[in-house]
Peer 1: 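Have a look at this one.
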Amino acid sequence: MLENLSPNTAVLLAVGCVLLCGVGIILVIGLQIIGGLLDIIGGIFNIVFGLFDFGPLPGCGCFLTVFICGGCGLATLLITQVMATCGTPDAVNLCLLFGR
């Protein structure tokens, strides 16, 4: 059966087989890498969502997280308000801490 093939057809078959094996190896390695990355991302999500469910009551962690974020926002607002007094007669010692 191979006697009837032209030399060009044999070369095309050989190149096709090599490319098929190469693509197969790349797919196997690529899928392993993608699977590993998805495992890492899933672990991060598991840790983050685990923070929202800690404590004796489900959702207690969510309230604590919102409270902490709100406290950070209020602290930022307070520091911004105080830093606005720098360079005026009403300046406070916090301006010295930040070098203003």
Side-chain angles (χ1 to χ4, degrees):
M1 182 169 177
L2 292 177
E3 304 90 31
N4 297 336
L5 294 177
S6 69
N8 291 338
T9 307
V11 170
L12 282 175
L13 283 174
V15 170
C17 289
V18 169
L19 287 177
L20 186 62
C21 289
V23 168
I25 290 171
I26 290 172
L27 280 176
V28 168
I29 293 172
L31 289 176
Q32 290 291 326
I33 291 172
I34 291 172
L37 290 174
L38 289 177
D39 281 343
I40 291 171
I41 292 171
I44 291 171
F45 277 123
N46 192 15
I47 290 170
V48 169
F49 289 128
L51 290 176
F52 293 119
D53 286 336
F54 70 86
L57 299 173
C60 180
C62 183
F63 290 123
L64 183 62
T65 304
V66 169
F67 180 73
I68 290 171
C69 289
C72 288
L74 286 175
T76 303
L77 181 66
L78 178 66
I79 290 173
T80 305
Q81 298 275 334
V82 170
M83 293 300 287
T85 64
C86 293
T88 65
D90 297 330
V92 294
N93 288 333
L94 189 64
C95 295
L96 296 175
L97 179 67
F98 288 105
R100 289 188 153 193

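FYI, side chains are in, hydrogens and waters are out, and symmetry mates aren't considered; it's all heavy atoms of this structure. Throughout, numbering of the chain's residues begins at 1 and tracks the sequence. Quick caveat, the model's predicted, so the values are computed rather than measured.
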Peer 1: Can you name the closest pair of heavy atoms from T80 and T76 and give their distance?
Peer 2: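 Looking at all heavy atoms of both residues, the shortest contact is OG1-O, 2.7 Å.
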Peer 1: Could you work out, with side chain to side chain contact (heavy atoms under 4.5 Å, CB included) as the rule, every residue matching V23, not counting sequence neighbours?
Peer 2: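 Partners of V23 under the side chain to side chain contact (heavy atoms under 4.5 Å, CB included) test: L27.
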Peer 1: Taking C-beta and beyond as the side chain, do I29 and I25 meet within less than 4.5 Å on heavy atoms?
Peer 2: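 Contact flag for I29/I25 side chains = yes.
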Peer 1: Please give me the minimum heavy-atom distance between V92 and V82, naming the atom from each residue.
Peer 2: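 Reported closest heavy-atom pair: CG2-CG1, 3.2 Å.
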Peer 1: V11 and side-chain contact (heavy atoms from CB on, under 4.5 Å): which single residue from L13, V15, N8 fits?
Peer 2: V15
Peer 1: Any chance you could measure I26, atom CD1, to I33, atom CD1, to the nearest 0.5 Å?
Peer 2: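 Going from the CD1 atom of I26 to the CD1 atom of I33 covers 10.5 Å.
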